[in-house]
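Below, read A as the first sequence line, B as the second, and so on, with proteins coming before strands; counting in each chain starts at 1.
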There are 2 protein chains.
Amino acid sequence: MRMSELSRRSGVSVTTIKYYLREGLLPVGRQLSATQAEYDENHLRRLRLIRALIGVRGLSVSATREVLGALAGHTADTHRILGLTLGAIRLADEAEADSPEPAEVDALIEELGWDVHRSAPARLALADTLASLRTLGAPLDRRVLLPYARLAEETAVLDLDQLDGIEDSLEVAERALLLTVLLEPALMALRRMAQQNESARRHAGGADRADC
Amino acid sequence: MRMSELSRRSGVSVTTIKYYLREGLLPVGRQLSATQAEYDENHLRRLRLIRALIGVRGLSVSATREVLGALAGHTADTHRILGLTLGAIRLADEAEADSPEPAEVDALIEELGWDVHRSAPARLALADTLASLRTLGAPLDRRVLLPYARLAEETAVLDLDQLDGIEDSLEVAERALLLTVLLEPALMALRRMAQQNESARRHAGGADRADC
DNA sequence: CCATGTTAGACAGTAGAAGTATCCAATGAC
DNA sequence: GTCATTGGATACTTCTACTGTCTAACATGG
């Protein structure tokens with residue numbers, strides 16, 4: 001298909017598609033001539049994925065490029081793909097790394113018995129958040145963090161279960177990306193609603209029920 | 001203290017503090033004269049909170065203002081504060097609301113037996129993500145979503161437990177804000193590490209263990 | 001073969017967000 | 001009394017994510 005059709009079927013404007021091509025988010029089409037290029041279903045898929053990562057999850061264009069880059073180096077096994085995918089996304093902007101929190105994070109991971117890559121960005125992200133909470137006078141110690149980590153374990157089991165039974169390596173990589181990145185806002189939304197519900201439950205027992 | 005001291009103790013530049021004052025994120029100090037204003041520990045606290053929301057969690061200035069506004073209308077009970085806090089933050093940018101997903105979200109909440117406010121932004125955020133996943137060819141049905149929701153319930157119990165035993169209403173509101181918003185990147189980081197670990201575990205049993 | 005409309009690619013322009021810099025008048029400490 | 005500092009206003013900068021415009025090369029109908 002031509003770029004105009006790609007635009008029509010994806011709902012993304014031609015100029016924006018050109019922008020994504022320039023930025024290396026979308027692979028170029030098969031050049032038919034100097035002024036004609038042909039795009040296929042994979043381009044459409046990719047474009048929709050890009051829009052989801054940027055629009056729904058709120059990734060920046062450069063973060064999206066990194067993630068998609070990890071996806072491109074596929075044909076490895078699931079584990080490696082997951083590592084690449086996870087490694088490509090930074091959760092917080094950057095860590096200062098000069099606080100005592102990294103050591104605490106290492107200790108937590110050790111206590112959990114987790115096998116996590118030493119340079120995983122998630123380590124820094126966690127350390128960063130802990131440092132912030134400490135500064136704000138609400139430090140979370142390991143006793144508090146541990147049950148959260150156990151729930152994260154269970155979540156991860158659910159996540160990996162969904163990758164079972166998929167043979168195609170590229171398919172696995174893409175699905176892993178969707179589950180890891182795109183599911184995050186959904187899980188946070190579920191948590192917020194659960195908080196509201198739990199708060200309502202506890203409140204109903206003790207005090208007045210003004211509204212609702 | 002003067003603005004310069006506020007700047008020094010918070011690590012935020014004077015010009016940025018002025019910017020936050022302009023934007024209404026930080027309440028103005030007590031005016032001593034036309035060119036002198038006095039700031040106290042509350043201002044410092046607030047400023048650190050602002051930096052955490054913007055820097056660690058990645059909220060926009062306007063979203064931060066909304067959240068802090070909800071915090072200002074306190075002296076209500078915990079439940080209401082949580083509702084305000086949660087309502088002030090939108091998880092996704094906006095929803096189209098013309099897809100079938102909202103109904104599906106309603107059904108899920110009904111099935112869960114949750115007491116969630118009808119206009120909670122989290123509903124839209126969830127519907128949005130589900131719509132995206134469907135478009136991308138990886139729809140999540142209720143069977144898949146339910147166990148995630150149950151884990152969210154357990155997480156919410158942990159969250160609310162931490163608010164127990166705090167008497168001061170403002171303190172509760174601030175803590176709720178920290179737990180709800182600032183903890184999110186930490187939980188996502190835990191999930192990613194747990195995924196890596198789970199992936200390593202499963203991989204170790206079946207196939208080659210190339211790297212690690 | 002030519003006219004016409006479409007397309008790819010290059011390049012410049014724009015809008016919004018988040019600061020940053022500068023200026024100025026009014027202190028307040030010495 | 002004087003002079004560095006402060007608060008407030010205003011303008012400027014940087015970055016990001018697009019968006020608009022232009023041009024030359026095509027494809028296609030006549």
(request) Check each residue of residues 35-47 of chain B for a non-hydrogen atom within less than 4.0 Å of any atom in DNA chain C, then write out the ones that pass by number, or none. (result) B:Thr35, B:Gln36
(message) If you compare all heavy atoms of A:Glu104 against all heavy atoms of A:Leu140, which two are closest, and at what distance to 0.1 Å?
(response) OE2-O, 3.8 Å
(message) Whole angstroms only, please: what is the CZ-C1' distance between A:Arg65 and D:dC18?
(response) 14 Å
(message) For chain B and DNA chain C, what are the first and last nucleotides along the strand, 5' to 3', with at least one atom under 4.0 angstrom from a heavy atom of the protein chain?
(response) C:dA18 to C:dG28
(request) Considering non-hydrogen atoms only, spot the tightest contact between A:Ala189 and B:Ala125 and give its length. (result) CB-CB, 4.2 Å
(message) Output the rounded distance in Å from CZ (B:Arg2) to C1' (D:dT5).
(response) 10 Å
Give the table of side-chain donor-acceptor pairs shorter than 3.5 Å for residues 13-27 of chain A, with sequence neighbours excluded, one pair per line with atom names and distance.
residue	atom	partner	partner atom	Å
A:Ser13	OG	A:Thr15	OG1	3.1
A:Ser13	OG	A:Thr16	N	3.2
A:Ser13	OG	A:Thr16	OG1	2.8
A:Tyr20	OH	A:Arg51	NH1	2.6
A:Glu23	OE1	A:Arg65	NH1	3.3

(message) Around atom CZ of A:Arg8, are there more than 12 heavy atoms from other residues, nucleotides or ligands closer than 6.0 Å?
(response) yes
(message) Using whole Å, what does the distance between atom C1' of nucleotide D:dT6 and atom CE of B:Met3 come to?
(response) 8 Å
(request) Please list residues of residues 5-24 of chain A whose heavy atoms come under 4.0 Å from any atom in DNA chain C, ordered by number; otherwise none. (result) A:Lys18, A:Arg22
(request) Specify the closest pair of heavy atoms between B:Leu136 and A:Ala52, including all atoms of both residues, with the distance to one decimal. (result) CD1-CB, 3.6 Å
(request) Take A:Glu184 and A:Arg57, measure what side-chain contact (heavy atoms from CB on, under 4.5 Å) needs, and give me the verdict at the end. (result) CA-CA 8 Å; A:Glu184 288 185 352; A:Arg57 173 53 224 271; 2.3 Å; yes
(request) Check whether the side chains of B:Glu153 and B:Trp114 place a donor and an acceptor atom closer than 3.5 Å, and report yes or no. (result) yes
(request) Identify the two heavy atoms, one from B:Ala122 and one from A:Met193, that lie closest to each other, and give their separation to 0.1 Å. (result) CB-CG, 3.6 Å
(message) For A:Arg118, give me all partners under side-chain contact (heavy atoms from CB on, under 4.5 Å), at least two apart in sequence or on another chain.
(response) A:Asp106, A:Arg123
(message) So B:Arg51, base contact, sugar-phosphate only, or nothing? Heavy-atom distance under 4.0 Å.
(response) sugar-phosphate
(message) Run the side-chain contact (heavy atoms from CB on, under 4.5 Å) test against B:Leu158 and tell me which residues pass, sequence neighbours left out.
(response) A:Pro147, A:Tyr148, A:Leu151
